[in-house]
**Student:** 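Structure provided below as structure tokens; questions to follow.
Throughout, protein chains are lettered first and strands after them, A, B, ... in sequence-line order, and every chain is numbered starting at 1.
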Protein chains: 2
Amino acid sequence: MKTIDIFKALSNETRLSMLHWLKEPEKHFPAQGAHIPKGINFVGGVCVGDIQEKAGLSQSTVSSYLNMMQKAGLLESFRYGQWTYYRRNEPFIREFAEQIRTEL
Amino acid sequence: MKTIDIFKALSNETRLSMLHWLKEPEKHFPAQGAHIPKGINFVGGVCVGDIQEKAGLSQSTVSSYLNMMQKAGLLESFRYGQWTYYRRNEPFIREFAEQIRTEL
DNA sequence: ATTATATATCGAGATTTCGCGATAAGTCAA
DNA sequence: TTGACTTATCGCGAAATCTCGATATATAAT
């Protein structure tokens with residue numbers, strides 16, 4: 001959650017792209033949630049496999065990138081069954097952007 | 001001038017501190033410009049030596065950090081005599097902050 | 001010209017990051 | 001239970017970053 005860790009997470013072309021793709025998941029990924037039951041609400045989440053395919057990097061690399069971005073606070077995740085869905089942590093990102101605007 | 005380079009420049013504690021110190025030079029550094037003639041206008045600039053002392057790193061490290069931040073667009077420099085003064089590139093920083101706010 | 005001062009550049013060792021393949025762990029279906 | 005599938009973790013070599021001391025360059029003073 002340190003500022004430096006956020007900047008580090010953003011210092012990579014692929015990770016930055018993933019963050020952008022997740023702004024419009026329906027535009028960049030196949031329809032999600034086929035395996036999520038109706039009760040669960042995790043709109044905008046995309047499973048690791050689809051993100052990996054789009055990124056064109058290995059599964060392990062993408063998994064750790066996503067984990068890193070989550071630790072930094074930029075993403076949040078939800079696991080259903082064997083799938084893990086990631087989406088943007090929008091309030092956190094907005095807060096970070098605002099902090100940059102006022103304190104950088 | 002690429003976004004990634006800006007994030008990389010901001011991904012280091014010392015460099016981030018330098019950027020903050022330069023927001024209020026008079027608060028963090030000795031009075032500057034003793035060697036600058038009246039005609040020159042470079043308000044807010046601080047010479048490398050004073051930044052180095054404050055940072056507590058080697059002269060070479062600080063010099064290259066400052067150069068890196070300038071290349072990224074965050075700082076601008078002015079050389080007078082044997083001194084090089086650095087200051088924040090405020091318009092660029094504001095523009096970057098705005099870009100983060102709207103595009104991140 | 002010589003010397004002193006401020007900054008930039010170079011070369012190097014230590015640490016970190018990048019991205020991979022292999023493997024482990026968790027979950028589901030049969 | 002076995003097998004298939006999705007994701008996470010581990011270990012690794014390559015590349016980048018960190019930070020330093022030594023040295024080069026530029027300017028100023030004597």
**Student:** Is it true that a side-chain atom of Arg87(B) and a backbone atom of Asn89(B) form a donor plus acceptor pair closer than 3.5 Å?
**Tutor:**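 No; zero donor-acceptor contacts below 3.5 Å.
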**Student:** Okay, side chain of Arg15(A), backbone of Ala9(A): is any donor-acceptor separation there less than 3.5 Å?
**Tutor:**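 Answer holds: yes.
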**Student:** Using 0.5 Å steps for rounding, measure from the CD1 atom of Ile93(B) to the CG atom of Leu75(B).
**Tutor:**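 Atom-to-atom, Ile93(B):CD1 and Leu75(B):CG are 6.5 Å apart.
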**Student:** Would you indicate what Thr61(A) reaches in the nucleic acid, counting non-hydrogen atoms under 4.0 angstrom: base, sugar-phosphate, or nothing?
**Tutor:**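 Contact class for Thr61(A): base.
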**Student:** Within this structure, what is the NZ-to-C1' distance between Lys71(B) and dA8(C), rounded to whole angstrom?
**Tutor:**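 The distance from NZ of Lys71(B) to C1' of dA8(C) comes to 11 Å, rounded to the nearest Å.
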**Student:** Among dT9(C), dG26(C), dC18(C), which nucleotide sits nearest the side chain of Arg79(A)?
**Tutor:**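 Of all the options, the side chain of Arg79(A) is nearest to dG26(C).
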**Student:** In whole Å, I'd like the distance from the CD atom of Gln52(A) to the P atom of dG19(C).
**Tutor:**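 The answer, rounded to whole Å, is 14 Å.
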**Student:** Please give, in whole Å, the distance from dC18(C) P to Asn67(A) CG?
**Tutor:**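 After rounding, the gap between these two atoms is 14 Å.
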**Student:** Tell me, please, the opening and closing nucleotides of DNA chain D, 5' to 3', among those with an atom under 4.0 angstrom from a non-hydrogen atom of chain A.
**Tutor:**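 Listing 5' to 3', DNA chain D meets chain A from dC5(D) to dT9(D).
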**Student:** Of the listed nucleotides (dG21(C), dG19(C), dG26(C)), which one gets closest to any side-chain atom of Tyr65(A)?
**Tutor:**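 Within the option list, the nearest is dG19(C).
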**Student:** Any chance CD of Glu53(A) has more than 12 other-residue heavy atoms, nucleotides or ligands included, within less than 6.0 Å?
**Tutor:**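 Result for CD/Glu53(A): open.
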**Student:** Mind checking if Ser60(A) touches a base, just sugar-phosphate, or nothing, with heavy atoms under 4.0 Å?
**Tutor:**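 Since a base atom lies under 4.0 Å of Ser60(A), the category is base.
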**Student:** Roughly how many Å is it from CG in Asn12(B) to P in dT17(C), rounded to a whole number?
**Tutor:**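 Answer to the nearest Å: 11 Å.
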**Student:** Closer to the 5' end of DNA chain D via nearest nucleotide, is it Thr14(B) or Trp83(B)?
**Tutor:**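 This one resolves to Thr14(B).
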**Student:** Heavy-atom count around Glu95(B) CD within 6.0 Å, excluding the residue itself: above 12?
**Tutor:**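 Not buried by this count: 12 neighbours or fewer within 6.0 Å.
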**Student:** Judged by each residue's nearest nucleotide on DNA chain C, which is more toward the 5′ side, Gly81(A) or Ser58(A)?
**Tutor:**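 Closer to the 5' end of DNA chain C: Ser58(A).
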**Student:** Under a 4.5 Å cut-off applied to non-hydrogen side-chain atoms, are Val48(B) and Trp83(B) in contact?
**Tutor:**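 A side-chain contact under 4.5 Å is absent here.
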**Student:** dT16(C) P sits how many Å from Ile4(A) CD1, rounded?
**Tutor:**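 After rounding, the reported distance stands at 14 Å.
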**Student:** Specify the separation, in whole Å, of atom CD1 of Ile51(B) and atom C1' of dT7(C).
**Tutor:**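 The distance from CD1 of Ile51(B) to C1' of dT7(C) comes to 12 Å, rounded to the nearest Å.
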**Student:** Going by heavy atoms in the side chains, are His20(A) and Leu16(A) under 4.5 Å from each other?
**Tutor:**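 Yes. Closest side-chain heavy atoms under 4.5 Å.
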**Student:** Measure CG/Asp50(B) against C1'/dT7(C) and give the value in whole Å, please.
**Tutor:**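 Spelled out: CG on Asp50(B) to C1' on dT7(C) is 13 Å.
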**Student:** At 4.0 Å (heavy atoms only), tell me whether Tyr86(B) reaches a base, stays on the sugar-phosphate, or touches nothing.
**Tutor:**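 Sugar-phosphate, backbone atoms only, no base.
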**Student:** Taking N and O atoms by type only, does the side chain of Gln59(B) place a donor or acceptor under 3.5 Å from a partner on the base of dA6(C)?
**Tutor:**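 Per atom types, no contact qualifies.
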**Student:** For Leu57(B) and dT7(C), what is the distance between atoms CG and P respectively, to the nearest whole Å?
**Tutor:**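 Computing the Leu57(B):CG to dT7(C):P distance gives 16 Å.
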